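A short worksheet on the structure shown next.
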Amino acid sequence: MQTPIVVERHDSPILLGFPHDGTYVPPEIEVDLNICGKKREDTDWHIYKLYSGLFPEMTSVRTRIHRYVIDVNRDPRDISLYPDQNTTSLVPLTNFDGEDIWKTQPSALEIEHRVTKYYQPYHTAVEFEIQRIKNIHGFAIFWDCHSIRSRIPFLFDGTLPDFNIGTDSGASCASELESRVTEQCCSARDYSTVLNGRFKGGWCTRHFGRPKDGIHALQMEVAQSTYLHSETAPWVYDKTKARKLRSHLKTLLELLADWHPIG
């Protein structure tokens with residue numbers, strides 16, 4: 001396999017993160033996944049494709065490694081980001097439906113190895129690009145790109161809104177930036193929006209978002225029903241749906257690019 005971390009470097013103040021786009025599982029790990037795990041159902045299917053080309057001046061960092069190997073959007077200490085709610089861990093033991101995914105679960109030593117080999121390189125790359133962008137502009141905006149099935153009873157009740165904005169309850173970015181993004185999403189016709197609902201931002205948003213230091217982070221979790229033909233295998237990208245959604249995402253990215261901190 002090529003290097004697991006892919007960086008596309010440009011000079012806009014925005015950095016796009018793709019922690020869950022990858023589908024690669026090393027063969028020595030794949031053998032320990034059961035039939036359910038091998039399906040990789042919890043992938044953020046086609047999320048990189050959805051954003052590709054919308055704003056060429058933006059830097060992006062993504063990992064090719066699947067989240068079942070290790071989830072780079074979880075606390076490295078494996079502390080739950082959503083206490084008292086069903087979620088998945090640093091190395092998931094179940095899928096989003098609560099079903100076991102391993103024939104043989106990884107040991108603590110194996111998890112430590114995966115942190116070093118796959119987790120840390122992603123975070124090192126993101127941190128480097130954030131600091132590089134901040135050195136150019138005096139600030140940086142980290143936009144964490146995600147998607148998920150709109151109905152997952154194990155994780156949440158009912159149907160998820162189309163746009164799920166996460167700012168760690170306002171702690172990860174300037175309030176003005178949060179407001180502008182929320183207002184723009186709410187104005188998008190035929191789409192529903194929630195701010196800091198079921199998904200308030202994962203570890204990357206919470207960890208990298210340091211507005212007092214000029215680093216602003218927001219997570220965008222879009223419902224896969226907005227751009228997939230169906231939220232089931234084979235996870236077909238729907239060009240018509242995606243075209244409409246991409247126009248709104250492009251507007252959001254342009255809004256980010258035009259924003260500057262006050263003072």
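Owing to the predicted nature of the structure, the values given are computational and were not obtained by experimental measurement.
Sorted by first then second residue, the ring pair (Phe, Tyr, Trp, His ring centres under 6.0 Å) pairs that include residues 86-115, not counting sequence neighbours, number zero. Among residues at least two apart or in separate chains, salt bridge (Lys or Arg N to Asp or Glu O under 4.0 Å) pairs with a member in residues 189-209 are D190-K244. The list of ring pair (Phe, Tyr, Trp, His ring centres under 6.0 Å) pairs with a residue in residues 57-87, not counting sequence neighbours, reads H66-Y68. Here salt bridge (Lys or Arg N to Asp or Glu O under 4.0 Å) pairs that include residues 212-221, with residues two or more places apart or in two chains, are R210-D213. Listed by first then second residue, pairs satisfying salt bridge (Lys or Arg N to Asp or Glu O under 4.0 Å) with a partner in residues 174-187 read E176-R180, not counting sequence neighbours. Pairs of residues two or more places apart, or lying in two chains, that qualify as side-chain hydrogen bond (donor to acceptor under 3.5 Å, both in side chains) and include a residue from residues 83-94 are R74-T88.
Looking at M220 and L252, their side chains come closer than 4.5 Å, going by heavy atoms from C-beta outward. Looking at heavy atoms from C-beta onward, I165 lies out of side-chain contact with N196 at the 4.5 angstrom threshold.
For E231 and R151, the salt-bridge test fails: no basic side-chain N is under 4.0 Å from an acidic carboxylate O.
The salt bridge (charged side-chain N to carboxylate O under 4.0 Å, His left out) test applied to R114 returns E110, not counting sequence neighbours. Applying the salt bridge (charged side-chain N to carboxylate O under 4.0 Å, His left out) test to D144 and every residue at least two apart in sequence or in another chain returns nothing. Checked against salt bridge (charged side-chain N to carboxylate O under 4.0 Å, His left out), K241 has no partners two or more places apart in sequence or in another chain. With sequence neighbours excluded, the residues forming a ring pair (Phe, Tyr, Trp, His ring centres under 6.0 Å) with Y48 are F18, listed by chain and number. Remark: R67 engages D44, D71 in a salt bridge (charged side-chain N to carboxylate O under 4.0 Å, His left out) (not counting sequence neighbours). Listed by chain and number, the residues in a ring pair (Phe, Tyr, Trp, His ring centres under 6.0 Å) with Y119 are H123 (sequence neighbours excluded).
For the pair K134 and F139, the NZ or CZ position fails the cation-pi test of under 6.0 Å to the six-membered ring centre and within 45 degrees of the ring normal.
Note: H248 and Y191 meet the aromatic proximity criterion, with ring centroids under 6.0 Å apart.
The heavy-atom pair separating D21 from T43 by the smallest distance is O-CG2, 4.0 Å.
Clustering ILVMFWY residues whenever any of their side-chain heavy atoms sit less than 4.5 angstrom apart, transitively, puts V72 in the very cluster that holds V7.
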